[in-house]
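Working notes for the structure below.
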Amino acid sequence: MNSKSTSNRKAIIVGAGVGGLSTAVQLAHKGWNVTIFEKEHKPGGRLSAIEAEGYTIDIGPTILMMNDVFHQFFQEIDRDLNDYVELVRLDPCYRLNFADGTSMSPSNDIKVHLDEIRKFSPDDVEGYLKYLAQINPRYLAARHKFIEKSFNSLSDFINVETLVGMWQLKTLNSMYDDISRYIKDERLRIALTFQAIYLGISPYDAPSIYTIIAYVEHALTGIWYPKGGMNEVSKALVKVLEELDGKLHLNQEVEEIIIEKGHAKGVRLANGEVHYADVVVSNMDFPMTMEKLIAKPYRGKYSTSKIQSMTNSCGTLMLYLGTNKRYEDMDVHNIYFTKSYKETLDQIFKEKVFPDDPALYVYSPTKIDSSVAPEGKDVIYVLCPVPNLESSINWKTDLAGYREKILQKLERSGLTDLRKHIEFERVYTPETFQNNYHTYQGSSFGLAPTIFQSGYFRPHIKSKEVSNLYFVGASVHPGGGVPVVLVCGQLAAGQIRVDFKEAQRVEKVFSMPVQAKA
């Protein structure tokens, strides 16, 4: 039931991204007076959409997995997700296109999926089954003991439960090395590890625990499409917030978090207005929160030099295209690999240059949803991983040539005469993401989830230096990805209620997967 009567306290949240909206809804449901200040003209942050000329094109995340997290989130606020978002399960999950001309369509149907593997390497079927046999306990340990648990103190991390969980994770090698123990075919290895790019890190460097992503996609919850696009998730959260009398102010940029004698007191807006509250929650990217909103004496260990030394995720070059032609020979999600995938990723992450051959992800929701484009037309969303702004790339002079290289590759890959049929286009670079969404160095996925930037070692939800100050988002524990950031908001709201003695402990939000409807 709605618990409005339990509190009359006030929370101010900086930013209406997924983390901010999640926290706001959870607190409002418990009776808090919640206000969000968002600098952009629409909520959602990167989980919003470009809506123009009859097209609705998601800006950032497009793949929805772990649907059980979304269902449970709505259950906790006494609502049914199905009343707000229509989810459609995708099968196959996506189409993988390899440089040798072969393609693979991973399926939720285990027999179909094993047949796909058998096409590439019959000997790897057994290896894949061995991978499945060992991955579920690791997935459960990751969710129960790390993702859905706060690490605000050393005692949260150094205890029997967590140490057992670390042993269960077996995460001291990389994703690629881990999968290579079971799979010999190089294309299949890539098919089970490329998901590291969802987090903005190379599978050759990502901790091996992230091999759970392929398991979630292919064998557990599957991949889902929200009708209208992923931006419908943000719209659903905004609708719930309105139902709970929360306030959302757009085009209102926060310039400073007001801190007095070590206590967060409120915020000062760019227009000079000052607003006070019992707690302040920043959904701005954590490094940018430190640099832009918090005075130096209250940054703790996160000095400018510390932030500059941290490892950031890659950037993305985005082409949001509307075409006057339908490209029917595509799936909803399509990935185009390169001849030497490791070389491509090394150029992005180590050399910090444009890769010679761009790896591409293409999203075309019109294959399943006619509402996102005018009749007879297509949405072609193109994501190309590129270095973030730590590189020496000049986006003003170098963009046009690399855009052309991307379009040429797509035309060679089956999107015939694509350039001739583009009638709508927006291009976002890492500079766009830094300017519009305050992502540090234009990194599209927040801080990279390296071993020493995960769990207790990742920025915490609760400030150690300032009371009543909290942080949410992809750069904060438990990390990136829409369902995980949604959980981050739940953990933050729970921690706030514990700190204000409205609850005795942060409730675990772990649940088993929700099964697909027949």
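As a basis for the values below, the full set of heavy atoms in this structure was taken, side chains included, without hydrogen atoms, waters or symmetry mates.
Side-chain atoms of Asp285 and His438 form no donor-acceptor pair, as typed in the model, at a separation below 3.5 Å. In this structure, a donor-acceptor pair under 3.5 Å is present between the side chains of Ser364 and Lys367. Between the side chains of Gln453 and His477, no donor-acceptor pair of N or O atoms lies under 3.5 Å. For Thr193 and Tyr210, the side-chain atoms include no donor-acceptor pair closer than 3.5 Å. Defined by atom type and a distance below 3.5 Å, a donor-acceptor pair is present between the side-chain atoms of Ser208 and Arg138.
Tyr320 pairs with exactly one of Tyr428, Tyr55, Tyr363, Phe424 by the ring-ring contact (aromatic ring centres under 6.0 Å, His included) rule, that one being Tyr428. For the side-chain contact (heavy atoms from CB on, under 4.5 Å) criterion with Phe37, the lone passing option out of Val14, Ile13, Leu269 is Leu269.
Taking the charged nitrogens against the carboxylate oxygens, Asp357 and Lys409 do have a contact shorter than 4.0 Å, which makes a salt bridge. Salt-bridge annotation for Lys42 and Glu40: absent, with no side-chain N of the basic residue lying under 4.0 Å from a carboxylate O of the acidic one. At a threshold of 4.0 Å, the pair Glu255-Lys292 does not count as salt-bridged, since none of the basic side-chain nitrogens sits closer than that to a carboxylate oxygen. Ion pairing of Arg79 with Glu243 is present here, as a side-chain N (NZ or NE/NH1/NH2) and a carboxylate O approach within less than 4.0 Å. Between Glu425 and Arg403 there is a salt bridge, with a side-chain nitrogen of the basic residue lying less than 4.0 Å from a carboxylate oxygen of the acidic one. Ion pairing of Lys235 with Glu51 is present here, as a side-chain N (NZ or NE/NH1/NH2) and a carboxylate O approach within less than 4.0 Å. The pair Asp369-Lys227 does not meet the salt-bridge criterion, since no charged nitrogen lies less than 4.0 angstrom from a carboxylate oxygen.
Residues Asn82 and His71 are in side-chain contact: their nearest non-hydrogen atoms beyond the backbone lie under 4.5 Å apart. Under the 4.5 Å side-chain criterion, counting only non-hydrogen atoms from C-beta, Thr366 is in contact with Arg326. Lys352 places none of its side-chain heavy atoms less than 4.5 Å from the side chain of Gln347.
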Practice item. Dump the intermediate steps for side-chain contact (heavy atoms from CB on, under 4.5 Å) on Glu116 and Ser105, then the final yes or no. Key: CA-CA 7 Å; Glu116 284 286 296; Ser105 297; 4.0 Å; yes
One pair to check against salt bridge (Lys or Arg N to Asp or Glu O under 4.0 Å): Asp115 and Lys119. What are the steps and the verdict? CA-CA 6 Å; Asp115 286 343; Lys119 284 193 316 184; over 6 Å; no
- Message: Run Asp80 and Phe74 through side-chain contact (heavy atoms from CB on, under 4.5 Å) and show every step you take.
- Response: CA-CA 6 Å; Asp80 186 341; Phe74 277 76; over 6 Å; no
Working note: Leu241 + Lys247, criterion side-chain contact (heavy atoms from CB on, under 4.5 Å); need CA distance, chi angles, decisive distance, verdict. CA-CA 8 Å; Leu241 182 65; Lys247 300 177 182 65; over 6 Å; no
Kindly determine whether Ser22 and Phe73 satisfy side-chain contact (heavy atoms from CB on, under 4.5 Å), including the steps that lead there.
CA-CA 9 Å; Ser22 170; Phe73 181 93; 3.2 Å; yes
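Residues in residues 200-220 take part in these salt bridge (Lys or Arg N to Asp or Glu O under 4.0 Å) pairs, two or more places apart or across chains: Asp205-Lys350. The salt bridge (Lys or Arg N to Asp or Glu O under 4.0 Å) pairs that include a residue from residues 96-107 are Asp100-Arg187, where partners are two or more places apart or lie in different chains.
Closest of all the heavy-atom pairs between Pro430 and Leu389 is CB-CD2, 3.7 Å. Across all non-hydrogen atoms, the minimal contact from Val386 to Cys314 is O-CB, 3.4 Å. For the pair Arg189 and Ile179, the tightest heavy-atom approach, listed with the atom from each and the gap, is CA-CG2, 4.0 Å. Closest heavy-atom contact between Cys384 and Ile406: CB-CD1, 3.8 Å. Here the shortest heavy-atom pairing between His421 and Thr416 reads CD2-O, 4.2 Å. Shown here for Ser313 and Ser443, the closest heavy-atom pair between the two residues is O-OG, 3.2 Å.
One N or O on the side chain of Thr289 and one on the backbone of Met284 form a donor-acceptor pair closer than 3.5 Å. Here the side chain of Asp398 pairs a donor or acceptor atom with the backbone of Asn394 at under 3.5 angstrom. In terms of modelled atom types and a separation under 3.5 Å, the side chain of Asp91 and the main chain of Ser107 share no donor-acceptor contact. The backbone N or O of Leu188 lies less than 3.5 Å from a partner atom in the side chain of Asp185, making a donor-acceptor pair. Remark: side-chain polar atoms of Glu38 are not paired, donor with acceptor, to backbone N or O of Pro43 under 3.5 angstrom. In this structure, Lys325 contributes its side chain and Gly376 its backbone to no donor-acceptor pair below 3.5 Å. The main-chain N or O of Leu447 is found under 3.5 Å from a side-chain atom of Ser475 such that the two form a donor-acceptor pair. In this structure, Thr439 contributes its side chain and Phe433 its backbone to a donor-acceptor pair below 3.5 Å. A distance-only check finds no donor-acceptor pair linking the side chain of Asn334 to the backbone of Asn97 [under 3.5 Å]. Of the possible polar contacts, one joining the Asp378 side chain to the Tyr327 backbone as a donor-acceptor pair under 3.5 Å is found.
For Phe98 and Phe120, the ring centers sit closer than 6.0 Å to each other. Under the 6.0 Å cut-off for aromatic ring centres, Phe194 and Tyr94 qualify, their centroids lying closer than that. Two rings, from Phe354 and Trp395, have their centers less than 6.0 Å apart. Taking the six-membered ring wherever Trp is involved, the centroid distance between the rings of Tyr182 and Tyr128 does not fall below 6.0 Å.
Residue His113 holds its NE2 atom at 11.5 Å from CZ of Arg118, rounded to the nearest 0.5 Å. With rounding to the nearest 0.5 Å, the separation of CD in Gln72 from CD in Gln490 is 6.5 Å.
For the ring pair (Phe, Tyr, Trp, His ring centres under 6.0 Å) test, no residue two or more places apart in sequence or in another chain qualifies with Tyr336. Taking Ala99 as the reference, Lys339 meet the side chain to side chain contact (heavy atoms under 4.5 Å, CB included) condition, with sequence neighbours excluded. Contacts of Val476 classified as side chain to side chain contact (heavy atoms under 4.5 Å, CB included), with partners at least two apart in sequence or in another chain: Phe286, Ile461, Phe471, Cys488. Not a single salt bridge (Lys or Arg N to Asp or Glu O under 4.0 Å) links Asp58 to another residue, sequence neighbours left out.
Few gaps surround CG on Asn435; more than 12 heavy atoms of other groups in view lie less than 6.0 Å from it. The environment of Glu328 atom CD is dense: over 12 non-hydrogen atoms of other residues, nucleotides or ligands sit within 6.0 angstrom.
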